Amino acid sequence: MVGWAIAVHGGAGVDPNLPTERQEQAKQLLARCLNLGISALRSSASAIDVVELVVRELETDPIFNSGRGSALTEKGTVEMEASIMDGPRRRCGAVSGLTTVKNPVSLARLVMDKSPHSYLAFSGAESFAKQMGVEREENDYFITQDNVGMLKQAKEANSIVFDYRIPTNGFESCGVEVESPIQMNGLPISVYAPETVGCVVVDSQGRCAAATSTGGLMNKRTGRIGDSPLIGAGTYACDLCGVSCTGEGEAIIRATLAREVAAVMEYKGLGLQEAVDFVIKERLDEGKAGLIAVSNKGEVAYGFNCVGMFRGCATQDGFMEVGIWE
């Protein structure tokens, strides 16, 4: 028996000018989701059930970029993706290109539990959702007015934008332009922030699990797939740990970032926080990202190399933290 631990995130890389009201809304949602997971863990729920439960809650609230409130493609539609992984037997499920599924993480769970496959995408994933009878909505359900405004700004700036959640009116200091944009595959993009949600859990049996869900990048090309549904990149869980990543998807993919945490624990003998710090420093090159992680010893850790990460974490011994900045 070990003490349980849980962590959640709502995206790495936060505009320092993000209005206080928006910061508080985000922290309240993270705290609510954290308490939801804590309650389930105290009731002896398994790690895999808790990560699904928490990410479903995050997908249902439009504050972050997943499910309802997802970033919009260049065509003004949503294409959502998610993955989930159960550490003990390294079972996993992933989905991409969803346009009607209310909770993508639950469809990913069904891919893991009810299909012979690990990953379904686009029309195949939608057909599977219909076959499984999951709750579905028209595409308009997922689209918010904030995102419509952000897409308009992104098109006017001719850029891909991470920051789907900056208000389009009343906060002129939070525009899409940045003085020193980072590059994605050699091309400059405007970056601020929260994109992707995730949860990692270790339960009292020492079982680790992870889940990640996102709408992707604002103004992305239709058909673009990021790191969130890719096992080993955006999500990974095994006997040692569970990891969920957020940030510049292309950099996370190149680094196989989530798997790398487990690898350096296994092959270099690093502890959880040491492993997180190592991969954030050594594996992202010039990419910007963050991650949350738990270990089979009941530890929780996080790290990021950008300005802030929406996160919350708690352990059975009473520790609890919800924060954005360093």
Side-chain angles (χ1 to χ4, degrees), residues 10-15 58-59 62-83 94-101 104-105 108 119-126 139-166 168 175-178 181-198 212-230 233-235 245-255 257 286-290 306:
V14 184
D15 178 12
L58 288 162
E59 289 173 338
I63 284 287
F64 293 128
N65 173 17
S66 64
R68 185 163 183 262
S70 284
L72 305 180
T73 70
E74 60 188 353
K75 294 183 178 179
T77 59
V78 299
E79 290 182 354
M80 301 168 289
E81 49 197 19
S83 62
V95 288
S96 286
L98 301 180
T99 58
T100 69
V101 176
V105 71
Y119 196 164
L120 295 175
F122 296 93
S123 61
E126 288 286 342
N139 205 248
D140 288 349
Y141 162 84
F142 303 97
I143 298 172
T144 65
Q145 285 306 117
D146 277 351
N147 286 351
V148 171
M150 280 304 300
L151 179 62
K152 181 175 183 292
Q153 289 189 12
K155 286 184 175 296
E156 288 172 353
N158 193 31
S159 63
I160 296 170
V161 180
F162 278 81
D163 182 16
Y164 74 98
R165 189 41 67 195
I166 299 301
T168 55
V176 296
E177 296 298 329
V178 291
I182 69 167
Q183 294 192 339
M184 180 177 288
N185 285 344
L187 300 175
I189 62 171
S190 297
V191 175
Y192 281 112
E195 47 80 44
T196 303
V197 302
T212 313
S213 180
T214 190
L217 303 176
M218 182 65 73
N219 200 27
K220 66 183 179 181
R221 285 183 178 272
T222 54
R224 182 260 185 184
I225 294 172
D227 66 285
S228 297
L230 301 184
T235 304
C245 301
T246 172
E248 183 190 334
E250 277 66 11
I252 293 170
I253 292 168
R254 293 194 304 270
L257 198 66
E286 296 180 358
K288 300 296 183 183
C306 44

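Computed from a predicted model, the values in this text were never measured in an experiment. Any value given below was found using the heavy atoms of this structure, including those in side chains, with hydrogens, waters and symmetry copies removed.
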Which pair of non-hydrogen atoms, one from A12 and one from G290, has the smallest distance, and what is that distance? CB-N, 3.7 Å

Roughly how far, to the nearest 0.5 Å, is CG of L58 from CD1 of I63? 11.0 Å

Please report the C-alpha distance between V197 and N65 in whole Å, then the side-chain angles of each, then the deciding distance to 0.1 Å, and finally whether the side chain to side chain contact (heavy atoms under 4.5 Å, CB included) criterion is met. CA-CA 7 Å; V197 302; N65 173 17; over 6 Å; no

Under 4.5 Å between any side-chain heavy atoms of D227 and C245, yes or no? yes

Would you tell me whether T214 and S228 have side-chain atoms, one donor and one acceptor, within less than 3.5 Å of each other? no

Do you know the tightest heavy-atom contact between G216 and A71? O-CB, 3.5 Å

Would you compute the distance between atom CG of L98 and atom OG of S123 and round it to the nearest 0.5 angstrom? 11.0 Å

Tightest non-hydrogen contact, residues E79 and T222, listed as OE2-CB, 3.6 Å

Compare all side-chain heavy atoms of R221 with those of T73 and state whether any distance is below 4.5 angstrom. no

Distance-only polar pair, side chains of Y141 and T100, donor-acceptor under 3.5 Å: no

Non-hydrogen side-chain atoms of L151 and M218 separated by less than 4.5 Å: yes

Quick check: do L230 and T235 have side-chain heavy atoms less than 4.5 Å from each other? no

Flag side-chain contact, heavy atom, 4.5 Å: E59 against P104: yes

Is there a side-chain contact between V148 and I143 (heavy atoms, below 4.5 Å)? yes

Closest heavy-atom pair and its distance - C306, K288: CB-CB, 4.2 Å

To the nearest 0.5 angstrom, please state how far the CD atom of E286 sits from the CD atom of E248. 9.5 Å

Quick check for you: to the nearest 0.5 Å, what is the distance between L72 atom CG and N219 atom CG? 9.0 Å

Does the side chain of T212 pick up a donor-acceptor pair with the side chain of S83 at under 3.5 Å? no

I'd like to know if the side chain of K220 and the backbone of G215 have a donor-acceptor N/O pair within less than 3.5 Å. yes

Shortest non-hydrogen pair, V95 vs A125, comes out as CG1-CB, 4.5 Å

Would you give the length of the straight line joining atom CE of M80 to atom OG of S213, rounded to the nearest 0.5 angstrom? 8.0 Å

Any Lys/Arg nitrogen of E250 or R254 sitting under 4.0 Å from an Asp/Glu carboxylate oxygen of the other? no

For I253 against I225, the heavy-atom pair lying closest together: CD1-O, 4.3 Å

Less than 4.5 Å apart, side chain to side chain, heavy atoms only: is that true for S96 and Y119? yes

